[in-house]
Protein chains: 2
Amino acid sequence: MGEATGGRPFNAEAGTALKAAALQLVRANGYDNVSIAAIAKAAGVARQTLYNRWATKADLILEAVFEETHAYAAEPDFDTGRDCRVLLEEFLVNVFKHLEIDGDTLRALIAAAQHDSGFQASFHAGFVKPRERMITALLVRAQDTGELPSSRNPETISTLIHGAFWYRLLNKGALNSAFAREIVSNIFD
Amino acid sequence: MGEATGGRPFNAEAGTALKAAALQLVRANGYDNVSIAAIAKAAGVARQTLYNRWATKADLILEAVFEETHAYAAEPDFDTGRDCRVLLEEFLVNVFKHLEIDGDTLRALIAAAQHDSGFQASFHAGFVKPRERMITALLVRAQDTGELPSSRNPETISTLIHGAFWYRLLNKGALNSAFAREIVSNIFD
DNA sequence: GAAATTAATAGACTGTAGTCTATTTTTAGT
DNA sequence: ACTAAAAATAGACTACAGTCTATTAATTTC
């Protein structure tokens, strides 16, 4: 059932062009200053074609940003033999570096998730949760190596860490390497 | 300069009715399902009258919620001789109790702040920052009493704590007394 | 080829936030 | 009373997200 036989195929170029146009326009003008119509026009495509692929503006932008994000929030490499606190600090510095570029867009996506529980679910499952798990895993390892007291709960600490930078992001506080150092030293010391 | 002489005075009842109608409708139907027009109509007032007092829907709702909030996020009382960790846990439990009622509204206000930097500024100055300072003050005192190691930075810890519950709030995680206990024990133990 | 199927397109339509304008109402000062 | 000032009201207007419909174009299966 539901096996598609026949029918006009998706135009792959249209999807690519939409993501590229979306990312470029949003970075240049800000999420709220870019209309769906403008993205479609810049991509040279009808507005409805966009809605054929993504349910909302937020879904499109998330996908566009997401594809660029793997480079930044890569899983920390455990096998370099370095301390977990160093790995955590590096990870945070990388994330903050990405947020210099897409932080405003991320803020807008977090806001969009508050209006739309469908988007909230996919944002959380595809973006938020995986990053939370990376840090939890790192903290579990830190307990194995004895860097982090076993009295701590890695999941709670992970929530504290993510929360801290969400809080800074949403309140437009500074997200720089000094803050990364602060977080790490207040968790590990 | 700017001294108002003459002119029709504000109708105080209109403002009161607007806040009451706004709070009631938003709690019943959710922020995004209540239009400005519906609030004005419920208050028996013209739509423009609302805009004469508040710049945006968010400003109105914030004020309406804020007036009910003092009861919940009251400054912890330092003079009861109890441990700071107990005071912090109680404070968090009170905040979470309020969020059972207005958590969805708060989520919507945080979202609104991401679209509107004017609202962001007043939300931060009037609502966010004062609560942040309460917890920072409590943590400073905890260092005085020796409950919290002096190696910690109270401002950073305050950010971690607030961040944790913003993160839970925005991701629709549980905000209950167990979470309050978790936070406190991972900060103090 | 013909039929069935699905994408692409164009454009009408709805609902809402916020702006703007013109008119009327209520007040203070003279 | 009269005037100036500012609030209240009614309603037009813009811009946008998202929905819906009808038409046309590109495919696969038979």
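Chain naming here is simple, since letters A, B, ... match the order of the sequence lines and numbering starts at 1 in each.
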Could you state the atom-to-atom distance from CG of B/N33 to P of C/dT16 in whole Å?
-> 9 Å
Roughly, in whole Å, what's the span from CD in A/E13 to P in C/dT9?
-> 12 Å
Quick one: what's the B/S/- string for nucleotides 25-30 of chain C, heavy-atom cutoff under 4.0 Å, read 5' to 3'?
-> BBBS--
Considering all heavy atoms, the nearest B/R131-B/T69 contact | NH2-CG2, 3.0 Å
Atom CG of B/N52 to atom P of C/dT24: distance rounded to whole Å?
-> 18 Å
Check the distance between C/dA17's P and B/I39's CD1 and give it to me in whole angstrom.
-> 8 Å
Mind checking whether B/L92 and B/I161 have side chains closer than 4.5 Å, heavy atoms only?
-> yes
Sorted by chain and residue number, the side-chain hydrogen bond (donor to acceptor under 3.5 Å, both in side chains) partners of B/E132 (sequence neighbours excluded) come out as A/Y167
Result for 5'-nearest mapping on DNA chain C, choosing between B/I36 and A/G44, is A/G44
Starting at OH of A/Y51 and ending at P of D/dC16, how long is that distance when rounded to a whole Å?
-> 12 Å
If you check every side-chain atom of A/V45, which of C/dA17, C/dA8, C/dT9 has the closest atom?
-> C/dT9
Nearest to side-chain heavy atoms of A/T49, which nucleotide of C/dA17, C/dT9, D/dC16 | C/dT9
By side-chain hydrogen bond (donor to acceptor under 3.5 Å, both in side chains), which residues pair with A/N33, not counting sequence neighbours?
-> none
Among D/dG18, C/dA7, C/dT9, which is the nearest nucleotide to the side chain of A/F10?
-> C/dA7
Residue A/R53, side-chain atoms from C-beta onward, closest of D/dA8, C/dA8, D/dA17 = C/dA8
Side chains of A/R107 and B/H115 in contact at under 4.5 Å (non-hydrogen atoms) = no
Between A/N11 (CG) and D/dA26 (C1'), how many Å, whole number?
-> 11 Å
Could you pull out the closest heavy-atom pair between A/N11 and A/R53, with the gap in Å?
-> O-NH2, 2.8 Å
Which nucleotide sits closest to the side chain of A/Q48: C/dA10, C/dA8, D/dC16?
-> C/dA10
B/N186 CG to A/R152 CZ distance, which is reported to the nearest 0.5 Å | 6.5 Å
Once you round it to whole Å, what is the distance between P of D/dT21 and CZ of A/R47?
-> 15 Å
Atom NE2 of B/H115 and atom P of C/dG18: how far apart are they, to the nearest Å?
-> 10 Å
